[in-house]
Amino acid sequence: MKRIYCLCAVIFILLFMTGCWDQDLLKNARLIFGEGFDLAPNGKLQSTFLIRDVPASEQQSPKNDIIFTVGNTTRETRDHADDQISRHLRGYKNRIILIGEEMAKQDIYPILDFFYRDPKSALNARIGVTKGKAADIFSLKKVGNVLIGEEIDELIKSKEETTTVPKVTVEKIYPIMMDPGEDFVLPYLVEKRGRVDVSSIAMFHNHQFTGVLTPDESIMYLLLKDQKGKVTRFTRKINIRNGHQNSNDFLTFNVDKSEQKMKVLIQSGNQITVKLDLKWKVNIIEYPKDRLNEKKMVTQLNQYLSKEMTDLAKDTLKKMQKARCDGLGIGRQLMAFHPRIWKTQKEGWDSNYQKVHFAPVIQVEITKKGIIN
Amino acid sequence: MIPEKSRISQGQFMFVVVQSQVGVGILSLPNKVQASAKGGGWISVLIAGLAIQVIILILWALCKQFPSDTIYSFLPKITGKYLGNLLSFAYISYFLLSAGTVLAKFADVVERWILQETPRWALLILSLLTCMYLAMENLRVIARLFVISSLTIIVMLVLTLMGYVNVNFSYIFPITEAGWGKIVKGATEALFPLVGYEIILVIYPFVEGKSGGKLKAASLGNMLITLFYAFEVFTCLIIFSPAVMSEVPEPLLYMLKGFSFQLIQRIDLIFLSVWVFVVSTAMVAWIYMATVGLGRFFHRGEHKKAVPYAMFILFILAMMAQEPSISDFFDRMLKIGHYTFVVGLPLILLCFTYLIRKRRT
Amino acid sequence: MRYLLRKIFSNKQTEERPHMKMNVFSSLDKNLEFIENQLFHSSDLKWRSIRFNHLEGLIVFFESITDQQRIQNEIIQPIEEKREGNVDKVITSLEITKKSDLCEVPHALIQGKCVLLFEGTVEVYVVDVTAVNKRSILEPENETVIRGAHDGFIEHLMTNLFLVRKRLMNPNLVVRYYQIGKATNTKLALLYMQDLANPDLVKEVDHRINSISMDTIFSPGFIAEFIEDNPYSLFPQILYTERPDRVVAHLMEGRVTILSDGDPSALILPVTFFSFYQSPDDYHRKWLVGSFIRLLRLMSFIIASIIPALYIAIIGFHPEILPENLIFSVKSSIDRVPFPPIVEALIMQITLEVLREAGVRLPSRVGQTIGIVGGLVIGESVVRAGLISYPMVIVIALTAISSFVAPSNEISLSTRLLGFPLMILSAMFGLIGIMFGLLFILIHLCKLESFGTAYFAPIMPLRMKDLKDTFIRFPIWSLNQRPHDPHPKRLNQERNSREWEQDDPGKE
C-alpha cells in the first residue's frame with residue numbers, strides 16, 4: 001500500500017515537473033477582433049486582421065492594429081500575419097468575419113473550413129458580405145468615436161433586432177450551407193462616406209454570392225422566413241383616394257405579431273406551388289393624416305396595406321428566385337415531406353427552383369394606433 | 001457469502017447500471033447512427049434499448065439461478081471447473097478490453113477537443129489514478145458515488161436543451177428515409193455505446209432484495225439511459241442537416257461550441273468537463289467487473305489487490321489504441337466479444353442450466 | 001522507523017510509579033514524612049496541626065489547589081468547636097472518605113483534597129475541598145450568533161455539564177466520566193442520550209477512548225486525533241463547538257459529545273460534512289431566510305475551493321470561455337504580470353494565509369495594523385508594481401471571504417487547503433484537471449466514514465428525507481424525522497405539531 005502511495009507521489013511530481021503542455025496564456029496572446037477576406041489580384045486570398053490591443057491602465061482606450069497578408073488559404077494568411085506580430089496571434093475571440101464582394105462570388109466554404117475545423121475557433125462570430133473590399137471597411141479604423149470592429153459588431157447586432165438582417169453566426173450557417181435543399185443569406189455591409197451601413201441582405205446560392213435584396217425586401221424576406229426581430233418597421237406611401245402628392249401620405253407601421261404558414265403543394269405535372277400565408281398584427285407608428293378613428297378608414301388601410309405587402313412579398317420572392325437563392329428552404333421541405341418529388345427535382349434544383357410558383361398572401365390588421373387616434 | 005459492507009440497495013443498483021451504460025459512446029453515437037439510419041436514428045436507439053432489455057432479461061434469468069454467485073463463481077458450477085475458469089478469464093479479458101477502449105476513446109476526444117499538446121500518457125495517468133482510487137473501494141462506496149454522479153446526466157440534458165434555440169425539425173424527415181432495414185442496422189450500431197449493463201453479471205449477488213425487484217431496477221436504468229440517448233440523438237438530428245452530420249464526429253459537442261451565455265462561452269468545454277465524470281464512472285464499472293474476477297483467482301476474493309496491475313494493463317491498452325488500425329481492431333474484437341460473451345454465451349448457459357435442472361428432477 | 005519511535009515512547013510510558021500498598025503509620029510524623037517524600041517536598045504542600053478527641057492531628061493540603069476558606073469553614077471550625085465526637089459527623093464537607101492505604105494519599109492531595117491524619121489512627125480522612133477558579137460564562141468569540149443563546153462552555157467541566165443538563169432535563173441524558181492521560185489525569189465526560197444514541201456507537205466511542213494511552217492530554221484536539229477514523233483525511237470528522245445549545249441539538253439527534261475538563265470545546269461525533277455548515281442561527285430565522293443563508297454557505301464552500309483553480313484554468317488554458325467584453329478588461333490587467341498564473345495564485349494565497357495567521361496571533365489593537373498592511377499595502381501596491389493582476393487579487397479575496405463564511409473554523413481551513421491541489425491540477429491540465437480533482441475529492445468524501453456513518457450523508461448515500469435539513473432548512477414542523485446518519489434508536493421526533501390548524505375549522 002505504502003509503495004503505491006510513493007509511486008503515485010513520484011508520478012505526480014514527475015508530471016508536475018514537465019507539465020503545462022497545453023498552456024496558452026492569455027497574456028501572451030494578441031486577440032483578433034475581426035477578419036476580412038478579399039480576392040487578391042492573382043487569385044490568391046487577401047486577409048485583413050483586426051487586432052485589438054488593450055493598454056494596461058484604465059485611462060487609455062483600446063487600440064486597433066490592422067495587418068494585411070496574402071496567401072493561399074485562411075490558415076496560411078493567418079500564419080503570415082503571426083510572422084509580423086509580437087506574441088501569438090489568437091482567433092478565439094474573433095467577433096466578425098467579413099467577406100469582400102468579389103471573394104463572395106467564389107465559393108466561400110474554403111475560407112470558412114478552417115473555422116469549422118479548429119476546436120478553439122469562435123463559432124459565434126458574426127459574418128457578413130461587404131460591398132467592395134472588406135479591407136476597405138476595416139481600414140476606416142474608427143467610425144465616429146467607436147473602433148471599427150466594435151462598430152460593425154454592435155451595428156449588425158442592433159440591425160438583427162430591427163429585423164433588417166438575419167441572425168447568423170458562422171455556426172448557424174454551417175448546417176444550411178451543407179444542405180443541398182436550402183441556401184443562407186448574410187448581412188450586406190456598405191461603406192457610405194466613412195460610415196458603415198447595414199440595411200440589406202446578401203443572397204447566396206451554393207456557397208456563392210448571387211444578389212442583394214433592398215432594405216424593404218430584406219425585412220419582408222425575414223418575415224416570410226418567420227424570423228421576426230423585436231422591431232419590424234415599414235414605411236409606405238398611401239394613396240387610397242385621388243393621388244395627391246403629399247408628404248403627409250406616408251404611413252409607418254410596426255409589425256407586432258406575425259403568424260407564418262408555409263405549405264409546399266405538388267400539383268399535376270410536378271408543378272411545385274408554395275403557399276405562404278402571413279397574418280400580421282400591426283401597430284401604426286406614424287401617420288400624420290390621422291383620422292384613424294373611422295372604422296371604415298381602418299379597414300380600407302388594412303386592405304391597402306395587405307395588397308401592398310403581398311406585392312412586396314412577390315417582388316422579394318421573384319428576386320430570390322432570380323438569384324437562385326432558396327432562402328426559405330423549399331428544397332428542404334421537398335426532401336422531408338415529398339421525397340419522391342425531390343428525387344426527380346434533385347438534379348438541377350438550381351433551375352427547377354426558379355420554376356417554383358410562390359403564392360404569398362399577407363393579411364394586415366391594424367390593432368394599435370399609439371396613444372392618439 | 002457476501003459481506004455486509006458491499007451490499008447495495010436496489011435504487012443504487014439502478015444507478016450503477018445507468019452509470020456503467022453512459023460512457024464515451026454518447027458523443028459519437030449520433031454521428032454513427034445517422035450514418036446508417038439517417039433521420040430515423042433516434043428510432044434505432046430505441047430499438048437498441050429494446051434489444052438490450054431482452055438481453056438484460058436473459059442475463060437476469062441466468063443470474064437468478066445462482067442468487068449468491070457472481071459470474072466467476074457460477075461459471076465453474078455450470079461448465080465444470082476447467083472450462084469455467086477458462087471462460088472466466090475470457091470474461092475478464094473482455095471487460096479489460098472494454099475498459100481499455102473506453103479509456104482510449106476518452107483520451108482521443110480530450111486530445112481532439114481540449115488538450116491537443118498534452119501527451120497521452122499524462123492524461124491516461126491522471127484518469128487512471130482517479131479511477132484506481134475509486135475502483136479499490138468496496139461496491140457500496142462505488143455505488144454511492146454512482147448515484148451522485150448521475151446528477152451529471154441531468155446537467156448534460158440541460159446543456160443539450162440549449163441546442164433547441166435553433167432547430168429545424170424538417171432535418172429528420174422523412175423518418176424512414178433509409179428504410180427499416182437500415183434503421184435496424186443503425187440499432188446494432190447504437191448497441192455498443194449502450195453496453196455496460198453486463199455489470200449485472202458481476203454485481204447481481206451484491207444487491208439486496210428479491211430478484212423481481214432487481215430486474216425492475218436494471219430495466220428502469222436501461223430505459224432511462226435509452227431515453228436519454230434517444231433524446232440526445234434526436235437533438236443532434238434536428239440541429240444539424242444530414243450533410244453536416246457526417247462531417248462532425250462529435251455532434252453533441254459541436255452544437256454547443258457556438259453557444260454563449262452572458263458570463264461564459266464555449267459551453268462545449270463545460271459539457272466535456274461534466275462528461276469526464278460520466279466516463280470515469282463507466283470506466284470504474286468495467287474495471288470493477290474485471291478486478292472482481294482477478295481478485296477471485298489470485299487474491300482470495302480481494303479485488304482491491306488486483307486493481308493496480310489491471311490499471312497497468314489498461315494503460316498499455318490505451319497507449320496501443322493510439323494507432324487507428326489497432327483501435328479499429330479493438331473495436332471489432334469488442335463487437336465479437338459483446339455478441340459472444342453477453343448475448344450468446346449467457347443464452348447457451350441459461351439453456352444448459354435449465355436442462356441440468358430438468359434432468360435432476 | 002515508526003516502529004522504532006513507538007518503542008522509544010512506549011519505554012517512557014512504562015516508567016510508572018510502582019503501585020504498592022502501604023498501611024498508614026500510627027505515627028503522625030512518619031506519615032507526614034512519607035507524604036512529603038512522595039511529593040518531593042513541594043513548597044506548596046502545607047499542613048496545620050489540630051486537636052480532636054484529645055488526639056494530635058494534622059490537616060495536609062496543597063495550598064495551590066485547595067480552597068482555604070472551605071478548609072477553614074468546613075473542617076477547622078467544626079473541629080475546634082466540637083472538640084470531640086465522630087469525625088464523619090463533625091466535618092460539614094460533602095465528600096469524606098476514609099483510606100487506610102498511605103500510597104493513595106499523595107494522589108488524593110494532587111486532586112485538591114485535604115487529608116486529615118490523627119496520631120495513633122491507621123486511617124486517614126480525605127476531604128474534598130477543591131478550589132474552583134473559573135471564569136464567568138461568556139459567549140464564545142469564535143461562534144457568535146445574532147439570535148439565540150449567548151452562553152458558552154468554559155474551562156470547568158462541572159459548569160459545562162450544568163449548561164447541558166439545564167437545557168436537557170431528561171433522565172435519559174447519561175454522563176460517563178473517564179480519566180485519560182497517565183500523567184495529566186485529564187477528566188473527560190462522555191454525554192449521550194440513552195434512548196436515542198445508538199448503543200454500538202456509544203460502545204465504539206467508549207472503546208476508542210479507553211485505548212488512548214498517551215500520558216499528556218491537554219486539548220480535545222488530542223482526543224479527536226486519537227479517535228477519529230481517517231487521520232489522513234483533510235476533512236475534519238469531529239465537530240468542535242463551544243456552544244451548549246449546539247451540543248444539545250446534536251445530542252437530541254442521537255450523537256455523542258465529549259467534554260473535557262480544562263477546555264471549553266466540546267467534541268461532537270459522528271458528524272457529516274453538512275453539520276459543519278449548519279449554525280444555530282439557521283433555526284432562529286424564518287425558514288426561508290435560514291435556507292437562503294445555508295445555501296449561501298455551501299456555495300461559498302465551492303467558491304472557496306475551486307475559484308482560484310478555475311481562474312488559473314481559464315487564464316492559462318481556455319481564455320475563450322470568457323465573453324468578449326470581459327476578456328479585454330482581464331487581459332489589460334494581466335498583460336504586465338511576469339509570472340504564470342499558478343505562481344501568481346500561490347504567492348497571493350500564501351500571503352493571505354500568512355496575514356490571517358498573523359492576525360490571529362496579534363492582540364486586537366495591533367491587529368488593525370495587519371489589516372492596513374495586508375489590505376492596502378499588499379492589495380494595492382502589488383498590483384501597482386505589476387506583480388499581481390487585479391483579477392487575481394479579486395479571486396483570492398473572494399476565496400478568503402467565502403472560506404470565512406463557514407461556521408466552523410476547521411472546515412474553513414480545510415477548504416482553503418483543498419484549493420492548492422486543485423490549483424496545481426488546473427495548472428497542468430486546465431478544466432479537465434480540475435474535474436479529475438473534484439472527482440477525486442468526491443470519491444474521497446464518499447469513502448470517508450466516521451464511527452460507522454457515511455461522512456457525506458445524506459447525499460452519499462442518498463436519503464431524500466434527510467435532504468430537508470441539508471442544503472436548505474425546511475420548516476421545523478416538516479422535519480418529522482431525525483437525521484438518519486448517526487443511526488438513532490428512534491427516528492421520529494415530531495408529528496403534526498401544527499395540529500391546531502386542523503382543529504380550527506369548526507369555529508368558523
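Protein chains get the first letters and strands the later ones, always in sequence-line order, with residue 1 at the start of each.
Counting heavy atoms of neighbouring residues, nucleotides and ligands inside a 6.0 Å radius, atom NZ of Lys305(B) does not exceed 12 of them. A 6.0 Å sphere centred on CZ of Phe292(C) holds no more than 12 heavy atoms belonging to other residues, nucleotides or ligands. Heavy atoms from other residues, nucleotides or ligands lying under 6.0 Å from CZ of Phe312(B) number 12 at most. No more than 12 heavy atoms of other residues, nucleotides or ligands shown are found within 6.0 angstrom of NZ on Lys465(C).
From Ser273(B), atom OG reaches atom CD1 of Ile432(C) across 5.5 Å, with rounding to the nearest 0.5 Å. Considering CD1 of Ile142(B) and NZ of Lys447(C), their distance stands at 11.0 Å, rounded to 0.5 Å. The CD1 atom of Ile321(C) lies 7.5 Å from the CZ atom of Arg266(B); values are rounded to the nearest 0.5 Å. Atom CG of Leu123(B) sits about 6.5 Å away from atom CZ of Phe429(C), to the nearest 0.5 Å. Taking CE from Met435(C) and CG from Leu272(B), the interatomic distance works out to 10.5 Å, rounded to the nearest 0.5 Å.
In this structure, His444(C) and Tyr133(B) have parallel ring planes: the angle between them is below the 30° cut-off, well short of the 60° mark.
At least one side-chain heavy atom of Leu126(B) sits less than 4.5 Å from a side-chain heavy atom of Leu425(C). Side chains of Leu442(C) and Phe277(B) form a contact here, defined as non-hydrogen atoms less than 4.5 Å apart.
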Go through it in stages, so that I can follow the logic: the residues are His318(C) and Ile114(B), the test is side-chain contact (heavy atoms from CB on, under 4.5 Å), and I'd like the CA-CA distance, side-chain angles, deciding distance and then a yes or no. CA-CA 9 Å; His318(C) 322 288; Ile114(B) 308 190; 3.2 Å; yes
Under the side-chain contact (heavy atoms from CB on, under 4.5 Å) rule, what do Val276(B) and Leu431(C) come out as? Steps first, then yes or no, please. CA-CA 10 Å; Val276(B) 164; Leu431(C) 266 182; over 6 Å; no
Please assess Leu269(B) against Glu320(C) for the test side-chain contact (heavy atoms from CB on, under 4.5 Å), listing each intermediate value before the final yes or no. CA-CA 10 Å; Leu269(B) 291 182; Glu320(C) 62 268 31; 4.1 Å; yes
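For chain C, the nearby part of Thr118(B) is the side chain; its heavy atoms alone come within less than 4.5 Å. When heavy atoms are compared at a cutoff of 4.5 Å, Leu145(B) approaches chain C by way of both its backbone and its side chain. Both the backbone and the side chain of Ser127(B) come within contact range of chain C, judged by heavy atoms closer than 4.5 Å. Both the backbone and the side chain of Ile443(C) come within less than 4.5 Å of a heavy atom in chain B. Residue contact with chain C, scored on non-hydrogen atoms closer than 4.5 Å, involves the side chain of Ile148(B) exclusively.
With Arg144(B) contributing its side chain and Cys446(C) its backbone, the two residues share a donor-acceptor pair below 3.5 Å.
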